[in-house]
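Reviewing the structure listed below.
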Amino acid sequence: MKTSIATVSLSGDLKDKLRAIAKAGFAGVEIFENDFLAFDESPRQVGRMVRDFGLEISLFQPFRDFEGMPEPLRARTFDRAERKFDLMEELGTDLVLVCSNVSPAAVGGIDRAAADFSELGERAAKRGLRVGYEALAWGRHISDHRDAWEIVRRVDHPSIGLILDSFHTLSRKIEINSIRSIPKEKIFIVQLADAPLIDMDLLYWSRHFRNMPGEGDLPVTDFTRAVAATGYDGYLSLEIFNDQFRGGNANAIAVDGYRSLIYLGDQVRRAEPDTRLPVPIMPPRADVRGVAFVEFSASEEEASELEALLISIGFTKTAQHRTKQVVVYRQGAINLVVNTEREGFASASYLVHGTSAYAFGLMVDDAAATVERARVLGAEPFEQPVGPGELVVPAIHGVGGGLIYFLDDKSELSKIWEIEFEPVRDGGSVIAAGLCSIDHIAQTVKYEEMLTWLLFYTSLLDAHKTPMIDIVDPAGIVRSQVVENDAGTLRLTLNGAENRNTLAGRFIAETFGSGVQHLAFATNDIFSTAQALRANGFKALPISPNYYDDVEARFGLDVQLVERLKSENILYDRDEDGEYYQLYSPTFGEGFFFEIVERRGYRGYGAANAIFRIAALRKYLRPEGLPKG
Ligand SMILES: O=C(O)c1ccc(O)c(O)c1
Ligand SMILES: [Mg+2]
C-alpha cells in the first residue's frame with residue numbers, strides 16, 4: 001500500500017515532520033506550501049532532504065483560487081501557476097493540488113473552468129507535470145467531487161486529473177458510490193481524513209477537527225472501498241488539520257497515522273477481496289473472550305497492603321510462581337497477579353509508577369496471531385527472557401507504558417497457571433464475595449492521548465468505541481469513552497484527563513503517566529456481595545446521604561430498596577436496557593480503586609453517578625503538596 005501524509009498533519013518544523021513521517025513507515029509526503037515557506041532551505045535542498053529521509057513527495061499543495069477568474073486576474077493566476085511549477089521542478093515532484101476556487105471574484109460555469117484547466121494542462125504537460133483538482137466542501141462554485149470530476153472529464157487531458165478527499169465528500173454526505181465509475185487513471189491522488197460528527201461550519205470543522213481514519217465518525221472505510229473499486233492503486237494520503245495534532249508529539253501522531261492507514265487498508269481488503277490496493281496481509285482483529293488476568297507491580301511492603309485489600313474483597317491467594325516473586329489471587333474467573341520481583345519489566349514499572357496494574361492479559365482465539373497483527377499495525381512486541389520451563393507469553397507494549405499479554409486455548413498458554421505456578425494451600429480464610437469476572441478495566445489517560453488509545457485498541461481487537469461523554473469531577477471535566485465488544489467480554493473505559501486537579505488528572509501526575517486507575521468486578525448479587533465484604537472487614541466508599549433522596553425521587557424507587565442501597569453505599573442507575581448497581585472501594589496508593597458492579601441488562605457504566613463517587617473518592621487523596629508516605 002502506498003502510504004503518505006501531509007506535513008500539515010504534524011507539529012514541528014519541516015525537518016522534524018519529515019523525520020517523524022519517515023520513522024513511522026510512510027513512503028510519501030505531501031508538502032504543504034506553508035511548511036516549505038516557513039523553512040529556510042532552498043527548494044532543491046528540501047527536495048534532497050525529503051529523499052534522504054527515504055521519502056517521495058506525493059503531492060505539493062495547495063494552489064488556491066485558480067479556475068473561473070475574470071481577466072486581468074486570470075492572467076495573474078496563470079503566472080502564479082508557472083512560478084509554482086518552477087518550484088515543483090526544484091523540489092522534485094510532478095503533482096500539484098488545485099483546490100476549488102473560494103474567491104468572490106470567481107465566475108462559475110463548468111465549461112469556463114474546463115477551459116482554464118485545459119490551458120493549465122497544456123502548460124503542465126510541457127514540463128512533465130500533473131495537476132489534480134479537488135472540490136473543497138466550501139468551494140464557491142464547485143463543492144462536490146462529482147462536479148470536479150465533470151470538469152476533469154470535459155478537459156480530457158492526461159495532465160489534468162481529480163483529487164478525492166474523504167472529508168470534503170463525507171462532510172457533505174455526497175453519494176460515495178459515484179466514485180466507483182471514475183476511471184482510475186483520472187484519480188491522481190486520494191486524501192483521507194476522518195472527523196467527529198459535530199454540527200458546525202464546514203470550513204471550521206475541516207480546519208480544526210479532522211482526525212485519522214477510524215478515530216472519528218465518518219464512513220471513511222466505505223469511501224475507500226469505493227475508491228478501491230475503481231482499481232486505484234496510488235497513494236492513500238492523510239491530510240489531517242487538527243489543533244491537537246499540530247501541538248502534539250509528531251512521532252506519536254505519525255505512528256497513529258500509519259496505523260490508521262494500514263487498518264483502513266485491511267478493512268477495505270476484507271470488504272473488497274478483489275481490490276488492487278496492495279494491502280499488507282495480516283490476521284483479523286482479535287476476538288477477545290475475556291480478561292485472563294490483571295497484573296500489579298508492587299514493592300513487598302505495598303504488596304501486603306494490596307493483599308489485605310484483596311482478601312477483604314473475597315480473593316484467595318491460590319498460586320505462587322515456581323521461581324519468581326509472583327503470586328495469584330483468585331475469585332470466580334478473576335485472576336489478579338501481584339509481582340514483587342526486583343528485576344525485569346514489572347520492577348522497572350514499579351520504580352517509575354509505584355504500585356500499579358501495569359499489565360493485563362486477554363484471552364483471544366490466537367495469541368501469536370494477535371501479536372503479529374499488532375506488529376503489522378506498528379505496535380511494539382514485548383519480549384523478556386524466560387526461565388527454564390516457563391512459557392513465552394505473546395505480549396505487546398500498550399500506549400501508556402503498560403503491557404498487554406495474550407493467552408489462547410490453542411497452545412499451552414491457557415495452562416500457564418499450572419505450568420508456571422504451584423498451588424498455595426492456605427491462602428487465608430475469607431468469605432468469598434461472589435465476584436465472578438472482570439466487568440471492565442478503567443484506564444486513565446492524558447486527554448491528548450485518547451485518540452491514540454482508541455485507535456490502538458479498535459484496530460487490534462474486534463471491538464468498537466462508544467460516543468464520548470463528559471464526566472464531571474468537582475475539579476474539572478474528564479472525557480470518557482469506552483472500547484467494548486458486543487459479547488461484553490471486553491470492556492475498556494478510557495478517561496481522558498485535561499487538568500491535573502481532577503481525580504483522574506491527579507492519578508496521572510502522581511503515577512507519572514497513563515494507566516489503569518480502577519478495576520470493576522462483576523457480581524450476580526450485589527447485596528450478598530456487600531454483606532460478605534462487610535464480614536471481611538471491607539469498608540465501602542461512603543456515598544453522600546443526599547444522593548439517595550435524589551435516587552428515590554428520580555427513579556421512583558421503593559423506599560426499602562433505597563434504604564438498602566444507602567446502608568451498603570451502593571449507587572444505582574437505570575436506563576431502557578436495565579438496572580446497574582455499583583459499589584466502590586476507597587482509593588489505594590496513588591488513587592487506584594476497585595469497583596463492584598451488578599448488571600441487570602444494563603450496558604452502560606453509570607456515568608450519571610460518576611460525580612458522586614468522584615466527590616467521595618477525592619476525600620481519600622493526600623492533600624496536595626504533602627510528601628508521599
Ligand atoms: O482547508 C483548506 O483550505 C484545504 C486546502 C487543501 C486541501 O487539500 C484541503 O482538503 C483543504
Ligand atoms: Mg484535501
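It should be emphasised that the depicted structure is a prediction, and the values quoted were computed from it without experimental measurement. Both counts, for ligands and for their atoms, begin at 1 and track the order of listing.
Nearest protein heavy-atom neighbour of atom 6 (C) of ligand 1: Gln61 OE1, 3.1 Å. Here the protein heavy atom with the shortest distance to atom 7 (C) of ligand 1 is Glu239 OE2, 2.9 Å. Atom 1 (O) of ligand 1 has Arg207 NE, 2.6 Å as its closest protein atom, hydrogens excluded (heavy atom only).
Looking only at its N/O/S atoms, Glu239 has OE1 as the one nearest to the Mg ion (ligand 2). Note on Glu134: its N/O/S atom closest to the Mg ion (ligand 2) is OE2. Among the heteroatoms counted here (N, O or S) of Asp165, OD2 is the one nearest to the Mg ion (ligand 2).
A donor-acceptor contact shorter than 3.5 Å is absent between the side chain of Ser206 and the backbone of Leu203. Panel note: side chain Ser237, backbone Val190; no donor-acceptor pair is recorded below 3.5 Å.
The proximity of Leu203 to ligand 1, defined as any non-hydrogen pair under 4.0 Å, does not occur for either the backbone or the side chain. Only the side chain of Arg210 comes within 4.0 Å of ligand 1, counting heavy atoms alone; its backbone N, CA, C and O stay farther away.
Put simply, the side chain of Leu59 reaches to within 4.5 Å of the side chain of Ile163, judged on heavy atoms. Within the 4.5 Å cutoff, no side-chain heavy atoms of Leu129 are placed close to those of Val96.
Taking 2.8 Å as the criterion, Gln61 does not count as a coordinating residue of the Mg ion (ligand 2), since none of its N, O or S atoms falls below it.
No N or O atom of Trp138 sits closer than 3.5 Å to an N or O atom of ligand 1.
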Yes or no on side chain to side chain contact (heavy atoms under 4.5 Å, CB included) for Arg285 and Tyr263, after CA distance, side-chain angles and deciding distance? CA-CA 10 Å; Arg285 294 194 301 164; Tyr263 175 38; 3.1 Å; yes
Could you walk me through whether Glu239 and Arg210 pass the salt bridge (charged side-chain N to carboxylate O under 4.0 Å, His left out) check? CA-CA 8 Å; Glu239 189 200 28; Arg210 288 187 181 204; 3.1 Å; yes
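Ring geometry, Tyr133 versus Phe117: the interplanar angle falls from 30° to 60°, so the pair is classed tilted.
At least one heavy atom of Phe241 sits less than 4.0 Å from an atom of ligand 1.
Close approach of ligand 1 to His168 is summarised as follows: ligand atoms under 4.0 Å from at least one heavy atom of the residue are 9 (C), 10 (O), 11 (C). Less than 4.0 angstrom separates some heavy atom of Gln191 from each of these atoms of ligand 1: 8 (O). Near Leu136, the atoms of ligand 1 lying under 4.0 angstrom from a non-hydrogen atom of the residue are 4 (C), 9 (C), 11 (C).
Comment: Lys15 does not engage Asp13 in a salt bridge, judged by the lack of any side-chain N to carboxylate O separation of less than 4.0 angstrom.
Glu448 and Gln244 share no side-chain donor-acceptor pair at under 3.5 Å.
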